[in-house]
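The block underneath contains the structure these notes are about, expressed in structure tokens.
Ligands are counted one by one from 1 in listed order, and the atoms in each one are counted from 1 as well.
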Amino acid sequence: MSYSEKVMEHFSNPRNMGEIEDASGVGTVGNAQCGDIMRVYLDIDEDGIVRDVKFKTFGCAAAVATSSMATELVKGKSIRDALQVTNKAVCEALDGLPPVKVHCSLLAEEAIHAALWDYAEKNGITIEGLEKPKSDIHEGEEEEDY
Ligand code: FES
């Protein structure tokens with residue numbers, strides 16, 4: 001298994017690592033299978049633009065690199081555009097991930113969605129196209145009802 005140079009670069013020098021105090025939305029997701037956890041903090045301004053974003057992760061190299069890239073991709077975007085930052089887009093931006101590591105990139109996407117969900121709930125709004133995120137991305141892989 002080998003990582004692209006971009007993955008290694010984002011892993012060695014992650015962007016937007018940390019936390020935001022009084023964030024507009026915070027989302028935490030985990031993957032029970034590997035035990036990795038990621039938390040994303042969003043700072044969203046009055047116009048619905050992601051002014052700042054930070055993440056914390058307890059995860060593998062791929063999880064760190066994808067969170068770093070995902071936060072770079074959502075920064076400065078509108079909520080609607082931030083929602084379009086899929087794990088596929090993140091993988092592409094990183095020049096791909098080894099197949100066994102693709103699931104790790106789901107953590108970043110789901111954590112961003114969870115943070116947007118939290119923001120929507122706090123503000124009593126609905127974000128079109130956003131579904132209630134799972135807190136454990138592994139659960140849905142075997143069974144839908146929990
Ligand atoms: Fe768990 Fe990568 S092995 S997120």
Treat each ILVMFWY residue as a node, draw an edge where side-chain heavy atoms are under 4.5 Å apart, and state whether Met8 and Val102 are in one component. yes
Determine, stepwise, if the pair Asp95 / Ser4 fulfils side chain to side chain donor-acceptor pair (under 3.5 Å). CA-CA 6 Å; Asp95 294 335; Ser4 72; 5.0 Å; no
How many N, O or S atoms of the protein are nearer than 2.8 Å to atom 2 (Fe) of ligand 1? 2
Mind checking side-chain hydrogen bond (donor to acceptor under 3.5 Å, both in side chains) for Lys6 and listing every partner two or more places apart, or none if nothing turns up? none
Quick one: which of Glu9, Arg15, Met17 gives a side chain to side chain contact (heavy atoms under 4.5 Å, CB included) with Ser68?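 Between Ser68 and the candidates, side chain to side chain contact (heavy atoms under 4.5 Å, CB included) is satisfied uniquely by Arg15.
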Identify every side-chain donor-acceptor pair in residues 50-61 under 3.5 Å, counting partners at least two apart or on other chains, and give the distances.
residue	atom	partner	partner atom	Å
Arg51	NE	Asp43	OD2	3.3
Arg51	NH2	Asp43	OD1	3.3
Lys56	NZ	Glu19	OE2	2.5
Thr57	OG1	Ile37	O	3.1

Run the side-chain donor-acceptor check on residues 79-86: report pairs under 3.5 Å with partners two or more places apart or on a different chain.
residue	atom	partner	partner atom	Å
Thr86	OG1	Lys88	N	3.4
Thr86	OG1	Ala89	N	3.1

